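As structure tokens, the structure follows; a few thoughts come after it.
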Amino acid sequence: MSGKVVENSGETVPFATVIIEKTGLSVMSDEKGNYVLKNVPSGKHTIKISAMGFSVQKKQIQVSGNLDLSIKMESELQELENVSVIGRSAVDKVNKQAYNVTALDAKKLHNSTLDLAHALDRVSGVRFREAGGVGSRSELSINGFSGNQIKIFIDGVPMDNFGSSFQINNIPINLADRVEVYKGVVPIWLGGDALGGAVNIVTNSKPRTYVDASYSFGSFNTFKTAINAGYTSKSGFTTEINAFQNYSDNNYWVNVETNDLETGKYYPETRVRRFHDNYHNETVIFKIGITGKKYADKLMVGFTAGQNKADIQTGARMVAVFGERYRRGNTLMPTLKYQVKDLFTKGLNVDVTGNFNFGYEQTVDTVNRRYNWFGQYTQNEGPGGEAGRSLYKFKNNNGVATFNANYAIGERHSLLLNNTFNTFDRKGSDELYPESVTYQQPEKLQKNILAFGYKFDYNQKWSTSLFVKNYDLKTTLTRSYNPSGNWGDVAYQELNDKSSSLGYGGASNYYLRQNLQVKASYEKTYRLPTPNEIFGNPNDNLQGNNNLKPESSNNVNVGLSYQTSFNEINALTFDVNGIYRNATDFIRTEFNNNQNKTVTVNQGSVRTKGIDGEIRYSYKNRFTSGINMTYQDIRNMTKYEPEQNYVSYYYKDRVPNIPYLFGNLDATVFFNDVFKKGNNLSVGYNLLYVHAYYLYWPSRGGSNGKHDIPTQLKHDLNLVYTMANGKYNVALECQNLLDNELVDNFSLQKPSRAFYLKFRYFFNKSNK
């Protein structure tokens, strides 16, 4: 018995469950909606077909031989396609993997003003950390690992070299179709050297003709525009364009301590507006090529161009205030993507990508002043700067190439091969110091990660993957020394360093029942230092450390997922995941000696134990709600510091500046046929909770003298009104409703209460 499961619209329903009652026979449809049931007994039977979001179907059948039966399903949640909801689909192919992975359906957030980073902040186990408002320095944290330990991809391509104009906190949510969050072990087809997880931003790659345009404005003089459009002809000619811009004054309220320069009065705590934090960026992504050919399922060449400018309001801490310093940069990046199925032989699929960024970055600091939080300043004599006089401008000349091959051997076995190559060659100069030899020193890095894997699938109930990875790193840099011993005599010695490491791991999942999944994974993994960590980045107040060593970790994940429904109108989903991490040479960020910049250092041994869980409930198409919580115990297990030659004072301390208890709660109510049939309204609420955590090592302070980042509560509200089946959409949002003080990395304050209004137009023409 075989066939296809489809919606009334003709769209396929992947991973629907097809059961022949009283026989014990069941199967799930594949990603194209096809299903096959073997050894069906002759006679009359009742089949039951179910999928999340669809009414359960039952049919009577008569079996006397091979039977071809296609099934149409009625959608219970069709109105949800155009409202703002955060949730996970139980039938999503991604969530059925053996890896500890969560898939976020970005389409359900396209009417919101969220960027990709803030949408991820609502996923269990994930914290988005930022140094301020729109366009500020930011990083993701997943189960205790953060920053460069987490790799970010777009359609499987690493974002290592995309530049400051194309960062996860300035990419509009409308660019993504879904976002995959891998917590811990990462599948090898996502090439690279992630230590603690990865985020893969998946765009809608189906050939189609569409326009998706949106515009929003709101508090702090914030404006955002996004235009996504594509065209595919019957011959397969395809072109796509994605363009977006962000602008904000970021003049939100902060609570600070400062002195009045005119009166000399000291204010231990006062509320002021940020006054030098303007940010804007503009980015265009253009692609052209062919799709649907025998020799190329997709062959696209493209170009990404972007620019940005950001005023720098503070240093690494709020006590350092700037009024003239700023950074700017651009992205100029040609791209190539080639995909083909059944290359040379059936079952061999190949995917090749490549890009190279010719863009530049620069920090401008030429005004010799000292500012306070009232915007007052003292003018110093002579040339100088606020943090260090500079017009240093540099190009990283950074390229990434990936190769993926997947060969299916029958229905159950497949082999995978991935190779990811990165090259980096920084060239810089400073027109203020044109004769300086410092900027002529080489700063080069190459890394290559080669991975091989094997996957076994059994009857869609059991899946196991095994893999090995080889990590190669080559760096070229110089160190200064004094050859004569005389003051001012400086020479440079070139150093070339190579290292190679071998990692391995596996992941497995099993369905105890059709709605009860258990999974486990293990990985011995390595993460190679990035160029910015080794050479520094003045745009991010990051000081280089050319003594950094690769970090490694043994990662263990176990998880359980359960979905159920009752009365055919209520749905419940439960997920719980346990983690264990044992990291060596753990790379973490701390203040430099002057506390005006940050620097990355190796921490000998760090152990993490944690658990995260989520519960979601939905009632018809009227209501949905969920709650998730994460607890992670991240401890310094370094007993002895060999470089300092003393026993660590911080043995078994919690690693500072990393949240260890946080969670989200969300609820959305839907109203159908509001004002006019087919027009819908949703009202949503989201609560973010972050428990207090230490800013420095706990052992450094007394019982009443430990500096901490206080407990935070952030309340958000949103209203979304959709018209003409989602063609026209209006959204109103309030973020940080109660105007609570929100702080993050190194106690830097985030925006106060804000309101935003967004208009969106969406048109999609099906191509046949």
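This one's a predicted model, so the numbers in the text were calculated from it and none came from an experiment.
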message: Any donor-acceptor pair under 3.5 Å linking the side-chain atoms of N555 with those of S553?
response: yes
- line: The side chain to side chain contact (heavy atoms under 4.5 Å, CB included) partners of K393 (sequence neighbours excluded) come to Y360, Q362
message: Could you work out, with side chain to side chain contact (heavy atoms under 4.5 Å, CB included) as the rule, every residue matching L548, not counting sequence neighbours?
response: P529, E533, N545, I587, T600, N602
- prompt: Looking just at side-chain N and O atoms, do T464 and S508 make a donor-acceptor pair shorter than 3.5 Å?
  reply: yes
- prompt: What do the steps show when you test S124 against K183 for side chain to side chain donor-acceptor pair (under 3.5 Å), and what is the final call?
  reply: CA-CA 10 Å; S124 64; K183 308 170 188 176; 3.1 Å; yes
- prompt: Angle class for the W697/Y650 ring planes (parallel below 30°, perpendicular above 60°, tilted otherwise)?
  reply: parallel
field: Nearest heavy atoms of T402 and P158, plus distance in Å
entry: CG2-CD, 3.8 Å
query: If you measure from CD on Q632 to CZ on R127, what distance do you get to the nearest 0.5 Å?
result: 10.0 Å
query: Within the distance-only criterion (no hydrogens, no angle test), does the side chain of E523 pair as donor or acceptor with the backbone N or O of G196 below 3.5 angstrom?
result: no
field: Flag for R327-N537: side-chain donor and acceptor within less than 3.5 Å
entry: no
field: Flag for D365-T363: side-chain donor and acceptor within less than 3.5 Å
entry: no
- prompt: Do D155 and V202 have side chains that get closer than 4.5 Å, going by heavy atoms?
  reply: yes
Close side-chain approach of F128 to L116, heavy-atom, < 4.5 Å: no
- prompt: By salt bridge (Lys or Arg N to Asp or Glu O under 4.0 Å), which residues pair with R654, not counting sequence neighbours?
  reply: D633
field: Exercise: do N398 and D160 side chains pair donor with acceptor under 3.5 Å
entry: no
message: Between S499 and P550, is there a side-chain heavy-atom distance shorter than 4.5 Å?
response: yes
- request: Using a 4.5 Å cut-off on heavy atoms from C-beta on, say whether the side chain of I150 contacts that of R527.
  value: no
message: Pairing donors with acceptors under 3.5 angstrom, does anything connect the side chains of N396 and E361?
response: no
- request: List for me each residue that meets salt bridge (Lys or Arg N to Asp or Glu O under 4.0 Å) alongside R588, sequence neighbours excluded, and say none if there are none.
  value: E590
Listed partners of E443 passing salt bridge (Lys or Arg N to Asp or Glu O under 4.0 Å), at least two apart: R426
- request: Evaluate whether atom NZ of K524 has more than 12 neighbouring non-hydrogen atoms of other residues, nucleotides or ligands under 6.0 angstrom away.
  value: yes
message: Hydrogens and angles aside, do D277 and Q313 bring a side-chain donor and acceptor to less than 3.5 Å of each other?
response: no
- prompt: Does the ring center of Y694 lie less than 6.0 Å from the ring center of Y696?
  reply: no
message: Just to verify, what does D115 make a salt bridge (Lys or Arg N to Asp or Glu O under 4.0 Å) with, not counting sequence neighbours?
response: none
Flag side-chain contact, heavy atom, 4.5 Å: L391 against Y433: no
- request: Can you measure from CD (Q167) to OG1 (T331) and round to the nearest 0.5 angstrom?
  value: 8.0 Å
task: Mark yes or no for whether D497, through its side chain, and T475, through its backbone, hold a donor-acceptor pair below 3.5 Å.
output: no
- prompt: Which residues satisfy the side chain to side chain contact (heavy atoms under 4.5 Å, CB included) test with T478, sequence neighbours excluded?
  reply: Q441, P442, Y492, E494
message: Whether the Y689 and H691 side chains hold a donor-acceptor pair (N or O, under 3.5 Å, no angle test) is what I'd like checked.
response: yes
query: With F421, which residues qualify under ring pair (Phe, Tyr, Trp, His ring centres under 6.0 Å), at least two apart?
result: none
- prompt: Of all residues at least two apart in sequence or in a different chain, which pass the side-chain hydrogen bond (donor to acceptor under 3.5 Å, both in side chains) check with T420?
  reply: N418
task: Answer yes or no: is there a side-chain heavy-atom contact under 4.5 Å between L417 and F403?
output: yes
field: Residues D575 and N577: side-chain donor-acceptor under 3.5 angstrom
entry: no
statement: Given the options N281, T304, N308, N330, S165 meets side-chain hydrogen bond (donor to acceptor under 3.5 Å, both in side chains) only with N308
CA sep, side-chain torsions, deciding dist, call: Y651, S699, side chain to side chain donor-acceptor pair (under 3.5 Å): CA-CA 9 Å; Y651 178 57; S699 295; over 6 Å; no
query: Mind checking what makes side-chain hydrogen bond (donor to acceptor under 3.5 Å, both in side chains) contact with Y279, not counting sequence neighbours?
result: N170
- prompt: Between the side chain of D585 and the main-chain N/O of S605, is any donor-acceptor distance below 3.5 Å?
  reply: no
- prompt: Is there a side-chain contact between K444 and N397, using heavy atoms and a 4.5 Å cut-off?
  reply: no
- line: The side chain to side chain contact (heavy atoms under 4.5 Å, CB included) partners of P187 (sequence neighbours excluded) come to Y99, Y182, W189, L190
Side-chain heavy atoms of I312 within contact of E386, under 4.5 Å: no
- request: Could you tell me which residues satisfy side-chain hydrogen bond (donor to acceptor under 3.5 Å, both in side chains) with Q149, sequence neighbours excluded, listed by chain and number?
  value: E551
- request: Kindly indicate whether a cation-pi arrangement holds for K469 with Y526, taking the cut-offs as under 6.0 Å to the six-membered ring centre and within 45° of the axis.
  value: no
